[in-house]
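Single-structure report; data block below.
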Amino acid sequence: DRVVITVTDVGPTLVISGNDTADEGLPYTLNLHATDPGTDAVTGWEIDWDGDNQVDQTVTGNPSSVSHLYPDGPATVTIRAWATNEDGRFAANALALTIRDVAPSLTLTLAESSDPDTTVSEGEQISLTLGSVIDLTSDTVTSYVIDWGDQTQAIYSAAELAQLGRTLTHVYAESSPRNTAGQSVPYRISVTLIDEDGIHAPRDSNRQRIPGGGELEVMVLNVAPTAQFQLAEIGTIYEGDSVRLQFSNVADISPSDLAAGMLYSFDFNGDPNGDGNFFNDPGDRVDSPEADASWVVPDAGSLTVRGRVR
C-alpha cells in the first residue's frame, strides 16, 4: 500500500526589532531574526525604511542586522520588511520609529584669550568669533541669537554674520554680578541657532546644558573710578589755617556705580600705625559720601595728605 502525504509549507517566523527612536544623520541598526519549522533557509531580505511599501534596500543572505541613515528629522516612519526563501516571500512585523532632530552646534572663541573662557575689565571691548555650524544633516541655520549675559541681545541673519566675518564685538559696562555669598559670577555668553527644524538653544528651560548652539563665560573685573584730588584754596597756607580738600572730575566706567555714588576717604596724618593702611588712623575720614573735607594745617613744612575714591 502507498500513503500520499501532502505537506503544506509553513512560512518562517520573521521578527524585526530595534530602538523606537533614531537620531537624524546617525546610523540606525535594525535587527533581523528568522526561524523556520523546516529546513528552508532565508536567502534575502527586503527593507522598506520609510513605510511607503516600496523596497528601499535589498540584502542578500540572512544577516542578523542591517543599518540605515535617516537624513532628516523630526519624523515618524513605519519600517517594514520581507524575507525570501525557496518557498516564497514572507512579511515580517512592522516597526514604528521616531526620527529625532539633532540640534546644530558651534564653537565660540574670544580673541582676548586662548582659553574658551576669559577675564576682561569693564569698559574693555571683546571680540567673539562664531565657528562653523556643525550639523549632521543638511539643515541650514538662518538666524543667530546672541545673548551677552548682561541683559543685552542681538539677532543676526546668516548673511549679516558672514559680512562681519563671523566676529562680533561687545563692551561690558558693568563688572560681573555677585551671588548671595558675595562672590563674583561670570557673564554667560550664549548663541541660539534657528534653522528649518526650530530653535536650538545651548540650555533648556531649566538651564540644563543640552547639545545645541554654543556658550562660554566671561568674568568682567571692576575698574576703579578716577578723580582729581586737590586743595580748594589757592595761595599761601599757614599752619593753623583751615583748608578744604576736594575731589573733582569724578568718573567711572560703570553707569550703575556712578549713579549709586562714590565713597571718599581722606588721610591727614600719614600712617602712624605703620600698618601700611593710610585710611584707618584717628582723624582720618573714611568712606564718606561727601567729596570734600576741611583740614586744619598742623605745622609748617611739606605735608602729605592722601585721598581715595571708590
Side-chain angles (χ1 to χ4, degrees), residues 4-107 132-144 158 192-206 208-214:
V4 178
I5 300 175
T6 300
V7 179
T8 301
D9 178 61
V10 176
T13 299
L14 306 176
V15 177
I16 59 173
S17 63
N19 292 332
D20 57 5
T21 59
D23 289 332
E24 63 174 9
L26 294 176
Y28 174 78
T29 299
L30 180 69
N31 300 312
L32 308 175
H33 182 70
T35 57
D36 193 290
T39 59
D40 296 335
V42 170
T43 57
W45 287 81
E46 296 172 321
I47 313 296
D48 168 21
W49 289 106
D50 53 13
D52 62 357
N53 287 311
Q54 301 296 315
V55 175
D56 300 309
Q57 183 178 2
T58 300
V59 182
T60 301
N62 186 25
S64 61
S65 65
V66 63
S67 295
H68 181 71
L69 188 147
Y70 286 96
D72 199 17
T76 300
V77 299
T78 300
I79 302 174
R80 304 182 190 280
W82 299 267
T84 302
N85 64 18
E86 56 261 47
D87 292 324
R89 184 175 185 255
F90 304 90
N93 60 298
L95 180 65
L97 178 67
T98 298
I99 304 167
R100 298 179 298 197
D101 177 57
V102 177
S105 62
L106 80 173
T107 300
S132 299
V133 173
I134 299 172
D135 196 297
L136 297 177
T137 65
S138 57
D139 295 337
T140 301
V141 173
T142 56
S143 298
Y144 298 76
T192 296
L193 307 177
I194 302 175
D195 63 13
E196 55 264 49
D197 289 330
I199 300 173
H200 308 284
R203 290 181 182 264
D204 62 19
S205 58
N206 295 319
Q208 298 300 306
R209 187 76 175 89
I210 56 176

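Being a predicted model, the structure only gives us computed values, none of them experimental.
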Could you go through His68 and Ile47, starting from their C-alpha distance and side-chain angles, then the distance that decides it, and tell me whether this counts as side-chain contact (heavy atoms from CB on, under 4.5 Å)? CA-CA 10 Å; His68 181 71; Ile47 313 296; over 6 Å; no
Closest non-hydrogen atom pair between Leu97 and Ala22, with its separation: CD1-N, 3.8 Å
Scanning both residues in full, the closest heavy-atom pair of Asp52 with Asp50 reads OD1-OD1, 2.8 Å
Once rounded to the nearest 0.5 Å, what's the spacing between atom CD of Glu24 and atom CG of Asp72? 5.0 Å
Is it true that a side-chain atom of Tyr28 and a backbone atom of Asn19 form a donor plus acceptor pair closer than 3.5 Å? yes
Can you confirm whether the side chains of Asp135 and Thr137 place a donor and an acceptor under 3.5 Å from each other? yes
Using side-chain heavy atoms (C-beta onward) and a distance below 4.5 Å, is Phe90 in contact with Asn85? yes
Please step through side-chain contact (heavy atoms from CB on, under 4.5 Å) for the pair Asp56 and Asp48, ending with a clear verdict. CA-CA 5 Å; Asp56 300 309; Asp48 168 21; 3.2 Å; yes
What's the spacing between Leu106 CG and Ser132 OG if we round to 0.5 Å? 8.5 Å
Please round to the nearest 0.5 Å and tell me the distance separating atom OG1 of Thr142 and atom CD of Glu196. 7.5 Å
Looking only at heavy atoms, which two atoms of Gly11 and Pro37 are closest? And how far apart? O-CD, 4.1 Å
In terms of heavy-atom contacts, Tyr144 and Ala158 come closest through CE1-CA, 3.9 Å
Could you measure the distance from the CD1 atom of Ile199 to the OG1 atom of Thr192? Nearest 0.5 Å is fine. 8.0 Å
Got a second to check how far Leu136's CG is from Asp101's CG, nearest 0.5 Å? 9.5 Å
Please walk me through it: do Asp20 and Thr98 pass side-chain contact (heavy atoms from CB on, under 4.5 Å)? CA-CA 6 Å; Asp20 57 5; Thr98 298; over 6 Å; no
So which heavy atom on Ala94 is nearest to which on Arg80, and how close? CB-NH1, 3.7 Å
What pair of heavy atoms forms the shortest contact from Leu69 to Gly25, and how long is it? CD1-O, 3.5 Å
If I take atom CH2 from residue Trp82 and atom CG from residue Leu14, how far apart are they, to the nearest 0.5 angstrom? 11.5 Å
Do Ile16 and Leu32 have side chains that approach each other closer than 4.5 Å (heavy atoms only, starting at C-beta)? yes
Between Trp49 and Leu30, does the side-chain contact (heavy atoms from CB on, under 4.5 Å) criterion hold? Intermediate values first, please. CA-CA 10 Å; Trp49 289 106; Leu30 180 69; 3.7 Å; yes
Under 3.5 Å, side chain of Thr78 to main-chain N/O of Gly51, donor-acceptor pair present? no
So, do Asp139 and Val133 sit near enough that their side-chain heavy atoms are less than 4.5 Å apart? no
